[in-house]
Amino acid sequence: MNTVTKHYIDGAFVESHGREVMDIIKPTNGKMIGRVTLGDEEDARCGIAAAKRAFASFGRTTKEERAKSLRRLHEVISARVDDLTAAMVEEYGGVVQFAAPIVQAGANAFLAAEKALQELPLTRNWGRTTVTLEPVGVAGLITPWNANALFLCVKLASAVAAGCTVVMKPSELSSLQTQVWLECLHEANLPKGVCNVVIGRGDVVGAELVRNPDVAKISFTGSAGVGQAIMRDGAATMKRVTLELGGKSPNILLDDADLEKVIPTALVIAFLNSGQACAAGTRLLVPRKRLDAVMRAIADAIAEFPVGDPSDPKTAIGPMVNQKQYERVQSYIHKGIEEGADVLVGGEGHPPGLEAGYFVKPTVFVNVTNDMTIAREEIFGPVLCVIAYENDEDAIRIANDTDFGLHAFVSGTDLRRARCVASRILAGRVAINGMLDDQQAPFGGFKHSGVGREFGTFGIEAFLEPRAILE
Ligand code: NAD
């Protein structure tokens with residue numbers, strides 16, 4: 001039985017002032033595997049005070065000093081990739097084939113931030129004017145449960161590169177991962193107070209970060225509703241905000257796409273992180289004339305996406321994180337059927353033999369129109385909508401006919417044509433021919449998918465303020 005009772009404040013593990021205790025439930029069987037004591041406003045304020053004290057000197061460090069901290073953070077996280085992966089599998093039900101690379105990507109984020117920092121000019125001069133980019137101050141970093149370890153790393157890497165000190169509020173559903181991550185952080189031996197972590201509820205610890213006048217910036221990854229609340233409540237203290245929110249990403253298969261290649265990839269993209277991924281390509285746009293062939297290819301490829309034990313390297317889809325998320329996904333599958341879409345594979349209920357945990361059937365809907373609820377709202381589960389289009393113009397129209405704009409995918413043989421389509425999609429990232437990543441490329445959304453960008457120089461700039469000195 002795991003017991004988490006401490007936060008990390010001012011370079012030390014400290015007992016929680018907050019006394020609320022929450023059970024940690026294993027998503028594969030619904031059984032309790034631990035308990036976590038949640039922090040309160042007082043814990044958050046202690047973290048903020050420590051970060052404020054540390055900012056006085058850390059905010060004035062050189063690039064090289066910050067680069068050294070980033071290299072050290074990379075070292076300590078890299079050394080515990082296996083432990084972090086195991087915690088993500090156990091507590092969240094993330095499949096190991098996804099969890100291991102995602103944790104490694106978290107470790108690598110520190111080196112990527114170091115590279116970006118070296119490339120980012122922090123001073124610019126013209127005439128008698130000097131502009132310096134200054135760290136914004138204490139930053140509150142708030143993460144969701146679906147890839148907590150990755151987001152902790154990505155946010156901390158950019159903040160440290162900029163010279164900000166931080167208070168982090170990881171998802172309360174990720175305390176086992178956070179515990180391992182904190183052991184790494186302690187090992188990194190950063191100056192006291194540079195990175196403080198308070199485990200607790202969003203509406204308690206998160207809300208304190210958002211309203212506290214000593215916090216200059218909030219970097220948040222999570223749902224659109226909470227993102228809106230942060231923007232609204234943060235306005236009182238003029239918070240700078242970076243919001244990484246949801247998505248309903250289109251995946252456009254152009255009519256020259258090779259279905260044997262692109263359909264298995266489209267399913268990988270749709271079922272990424274068991275479908276609990278903001279970037280998942282959950283609207284598959286296919287030329288109407290190839291619809292039958294696409295349906296046959298999906299029915300053939302689905303066998304390659306087994307559901308089950310997330311620690312088995314062959315498993316592609318694990319359980320949903322908790323009962324609430326299971327029910328949410330079920331309600332959308334139900335709604336899709338009710339609104340007249342046809343189930344090609346999957347459907348309602350548990351997969352046979354997996355009734356104990358929060359497993360759902362990977363589900364592909366066909367005969368979906370872009371105005372159906374399942375095509376408009378983020379489901380955050382392994383549910384794919386196939387939508388037919390008439391020609392490239394129509395595909396672009398449907399792709400952009402959404403409140404979201406986080407990610408998009410385009411697949412086709414003629415690269416010039418694929419690039420041309422990609423250039424007209426309103427999304428922060430558009431990947432051509434595959435699920436691609438580049439830790440220097442900005443990540444973030446148009447429209448309701450968020451405000452601002454993470455990764456690379458864009459991510460660091462989000463923690464900086466320009467100051468011009470004119471002589
Ligand atoms: P959530 O919004 O419920 O919670 C995210 C974090 O915010 C948690 O740490 C939570 O405790 C905290 N929080 C909740 N209420 C708060 C408040 N009032 N003030 C401050 N903090 C508060 O999201 P979730 O359910 O944990 O994660 C799923 C969502 O995250 C999905 O919508 C998904 O699309 C989104 N997401 C986005 C990205 C991205 O990069 N764009 C990545 C992953 C997940």
Side-chain angles (χ1 to χ4, degrees), residues 20 22 36 38-39 41 44 92 94 98 102 105-106 109 140-155 158 167-175 177-178 197-212 215 218-234 236 239 241-249 272-282 320-322 324-326 328-329 332 377-381 402-407 427-429 437 441-455 458-459 462:
E20 184 184 349
M22 196 180 90
V36 52
L38 301 172
E41 290 88 347
Y92 162 64
F98 175 81
I102 215 71
L141 313 180
I142 303 175
T143 64
W145 42 260
N146 65 327
N148 181 63
L150 170 71
F151 297 126
L152 291 179
C153 292
V154 167
K155 289 187 189 300
S158 294
V167 181
M168 308 180 81
K169 208 298 286 169
S171 169
E172 57 274 39
L173 297 175
S174 309
S175 8
Q177 296 161 67
T178 300
V197 180
V198 178
I199 299 170
R201 285 190 190 282
D203 55 358
V204 178
V205 175
E208 178 61 30
L209 294 177
V210 172
R211 83 180 148 245
N212 195 296
V215 177
I218 297 288
S219 175
F220 167 81
T221 299
S223 60
V226 174
Q228 283 167 338
I230 288 175
M231 213 168 180
R232 194 176 52 239
D233 300 346
K239 291 276 186 292
V241 290
T242 299
L243 304 176
E244 297 289 357
L245 310 175
K248 194 74 197 176
S249 303
L272 200 66
N273 198 6
S274 309
Q276 299 174 123
C278 52
T282 50
M320 302 296 92
V321 67
N322 58 17
K324 188 172 153 210
Q325 190 64 18
Y326 171 82
R328 176 188 163 93
V329 177
Y332 275 110
E377 296 182 10
E378 185 182 50
I379 298 174
F380 229 51
T402 170
D403 287 340
F404 295 105
L406 184 65
H407 213 305
R429 273 192 183 187
D437 191 23
F443 188 95
F446 284 42
K447 302 190 267 183
H448 290 207
S449 288
V451 174
R453 296 291 183 272
E454 297 195 284
F455 289 75
F458 299 87

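When a ligand or atom number is given, it counts from 1 through the structure's own listing order. Not measured: the values here are computed from a predicted model. Residues take their numbers from the sequence shown, with the count starting at 1.
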Closest to atom 8 (C) of ligand 1 by heavy-atom distance, out of Thr143, Asn148, Leu38, is Thr143
Checking heavy-atom distances from atom 29 (C) of ligand 1 to each of Gly222, Ser174, Gly225, Gly200, the winner is Gly222
Handout entry: Any donor-acceptor N/O pair, Asn146 side chain to Gln276 backbone, under 3.5 Å
Key =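 Side chain of Asn146 to backbone of Gln276: a pair is present.
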**Asked** Strictly under 4.0 Å, does any heavy atom of Ala229 approach an atom of ligand 1?
**Response** no
Is Gly450 in contact with ligand 1, taking contact as a heavy-atom separation below 4.0 Å?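 It does not; every heavy atom stays at 4.0 Å or beyond.
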Tell me: protein heavy atom nearest [atom], and distance?
| atom | result |
| --- | --- |
| atom 23 (O) of ligand 1 | Ser223 N, 3.4 Å |
| atom 7 (O) of ligand 1 | Phe220 CE1, 3.1 Å |
| atom 28 (C) of ligand 1 | Phe380 CE2, 3.6 Å |
| atom 38 (C) of ligand 1 | Cys278 SG, 3.0 Å |
| atom 14 (C) of ligand 1 | Gly202 CA, 3.6 Å |
| atom 31 (C) of ligand 1 | Glu378 OE1, 3.5 Å |
| atom 37 (C) of ligand 1 | Leu245 O, 3.0 Å |
| atom 27 (O) of ligand 1 | Pro144 CB, 3.3 Å |

- Message: Quiz question for you: does at least one protein heavy atom lie closer than 4.0 Å to atom 4 (O) of ligand 1?
- Response: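 Within 4.0 Å of atom 4 (O) of ligand 1, no protein heavy atoms are found.
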Which of the atoms of ligand 1 are close to [X], meaning less than 4.0 Å from one of its heavy atoms?
| X | value |
| --- | --- |
| Ser171 | 9 (O) |
| Phe443 | 40 (O) |
| Gly246 | 34 (O) |
| Lys169 | 8 (C), 9 (O), 10 (C), 11 (O) |
| Ala207 | 19 (N), 20 (C) |
| Leu406 | 41 (N) |
| Gly206 | 19 (N), 20 (C), 21 (N) |
| Asn146 | 43 (C), 44 (C) |

#### Entry: Full working for side-chain contact (heavy atoms from CB on, under 4.5 Å) between Val197 and Met168
CA-CA 5 Å; Val197 180; Met168 308 180 81; 4.0 Å; yes
Looking only at non-hydrogen atoms, find the nearest pair between [X] and [Y] and report the distance.
| X | Y | answer |
| --- | --- | --- |
| Glu244 | Leu406 | OE1-CD1, 4.2 Å |
| Asp437 | Arg429 | OD1-NH1, 2.7 Å |
| Glu208 | Ala44 | CG-CB, 3.7 Å |
| Val241 | Val451 | O-CG1, 4.0 Å |
| Pro170 | Asn148 | CB-OD1, 3.5 Å |
| Val198 | Val205 | CG1-CG1, 3.7 Å |

If the plane angle is over 60° it's perpendicular, under 30° parallel, otherwise tilted; pick one for Phe380 and Trp145. perpendicular
Q: Verify the neighbour count for atom CZ of Phe458: are there more than 12 heavy atoms of other residues, nucleotides or ligands below 6.0 Å?
A: no
Is atom CE of Met231 surrounded by more than 12 heavy atoms (other residues, nucleotides or ligands) closer than 6.0 Å?
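12 or below, so no.
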Per the side chain to side chain donor-acceptor pair (under 3.5 Å) rule, which among Thr221, Thr143, Thr242 passes with Lys155?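 When Thr221, Thr143, Thr242 are each tested with Lys155, the side chain to side chain donor-acceptor pair (under 3.5 Å) holds only for Thr221.
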At under 4.0 Å between heavy atoms, what of Glu172 touches ligand 1? The answer is side chain
TODO: Between Thr221 and ligand 1, find which residue part has any heavy-atom pair under 4.0 Å and reply side chain, backbone, both or neither.
DONE: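 Thr221 to ligand 1: contacts from backbone and side chain alike.
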Note to self: Checking Glu377 against Tyr332: is there a side-chain donor and acceptor pair closer than 3.5 Å?
What the structure shows: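 Yes, because at least one side-chain N or O of Tyr332 sits under 3.5 Å from a partner of the opposite role on Glu377.
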message: I'd like to check whether Trp145 has a polar contact with ligand 1, where a contact means an N/O of the residue lying under 3.5 Å from an N/O of the ligand.
response: yes
Carefully, step by step, assess Phe443 and Cys278 under the rule side-chain contact (heavy atoms from CB on, under 4.5 Å). CA-CA 11 Å; Phe443 188 95; Cys278 52; 4.3 Å; yes
